[in-house]
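Here is the structure we will look at.
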Amino acid sequence: IMLHSTLALSLLLIAVSSNLAMAIKKEKRVPQTLSRGWGDDITWVQTYEEGLYQAKKSNKPLMVIHHLEDCQYCQALKKAFAENEEIQEMAQNNFIMLNLMHETTDKNLSPDGQYVPRIMFVDPSLTVRADITGRYSNRLYTYEPQDMPILIENMKKALRLIQTEL
């Protein structure tokens, strides 16, 4: 009987601990849905409004990434963005981060149209920075995978503007 109850107890413990492991795993997967593959270690805000609030509160710029799931350019940009350590680190530490698969009502976020992908910055005074652009004159806020150095420069520029202007 002793052996039987020990076996039963250890099976119970195994069941409990594997359920616990699954619960912990599940818990960890929550932010990933918000990251949508742009960086699972980044804390993402859910909405533009929340992003503005956090930017003002924390005095960090808000970075808004507009993208669509079935857009090959977005997918390519996402991969380059997620794999770039410097971008990921700055995004984690210095920015309020938002990625959106729908347009916001803020027309300032689409000064030259509603194309994807596009990345825009909003400073803590809640001004959309139309002056921080990529290298394409026809789509000012678009970046391609090879443009990560430009995006890094623009992230640094967004951070510098806060120190000098606000």
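What you see is a predicted model; the values in this text were computed from it and never measured.
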Any carboxylate oxygen within less than 4.0 angstrom of a Lys/Arg side-chain nitrogen, looking at [X] and [Y]?
{"X": "Asp112", "Y": "Arg139", "result": "no"}
{"X": "Lys157", "Y": "Glu153", "result": "no"}
{"X": "Lys57", "Y": "Glu50", "result": "no"}

Look only at the side chain of [X] and the backbone of [Y], and say whether a donor-acceptor pair between them is shorter than 3.5 Å.
{"X": "Asn93", "Y": "Glu89", "result": "yes"}
{"X": "Asp147", "Y": "Glu144", "result": "yes"}
{"X": "Asn99", "Y": "Leu34", "result": "yes"}
{"X": "Thr127", "Y": "Arg129", "result": "no"}
{"X": "Ser58", "Y": "Gln54", "result": "yes"}
{"X": "Asn154", "Y": "Thr133", "result": "yes"}
{"X": "Thr142", "Y": "Pro117", "result": "yes"}

State, yes or no, whether a side-chain contact exists between [X] and [Y] at a heavy-atom distance under 4.5 Å.
{"X": "Arg36", "Y": "His67", "value": "yes"}
{"X": "Pro111", "Y": "Met120", "value": "yes"}
{"X": "Leu109", "Y": "Val122", "value": "yes"}
{"X": "Glu86", "Y": "Lys156", "value": "yes"}
{"X": "Tyr141", "Y": "Tyr136", "value": "no"}
{"X": "Ile96", "Y": "Tyr53", "value": "no"}

[atom1] of [X]: more than 12 outside heavy atoms within 6.0 angstrom?
{"X": "Tyr73", "atom1": "OH", "answer": "no"}
{"X": "Glu103", "atom1": "CD", "answer": "yes"}
{"X": "Gln146", "atom1": "CD", "answer": "yes"}

Inter-residue atom distance [X].[atom1] - [Y].[atom2], 0.5 Å rounding:
{"X": "Met148", "Y": "Met155", "atom1": "CE", "atom2": "CE", "result": "10.0 Å"}
{"X": "Arg118", "Y": "Leu77", "atom1": "CZ", "atom2": "CG", "result": "13.0 Å"}
{"X": "Ile42", "Y": "Leu98", "atom1": "CD1", "atom2": "CG", "result": "12.0 Å"}
{"X": "Gln46", "Y": "Leu100", "atom1": "CD", "atom2": "CG", "result": "11.0 Å"}

**OP:** Could you tell me whether the side chains of Glu83 and Gln88 share a donor-acceptor contact shorter than 3.5 Å?
**Re:**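 Result is no, nothing qualifies.
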**OP:** Verify whether one side chain among Asp106 and Tyr48 offers a donor that lies under 3.5 Å from an acceptor in the other.
**Re:**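 Their side chains do contain a donor-acceptor pair, which is all the 3.5 Å distance test asks for.
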**OP:** Can you sort out the partners of Phe81 under ring pair (Phe, Tyr, Trp, His ring centres under 6.0 Å), two or more places apart, ordered by chain and number?
**Re:**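 So Phe81 forms a ring pair (Phe, Tyr, Trp, His ring centres under 6.0 Å) with Trp38.
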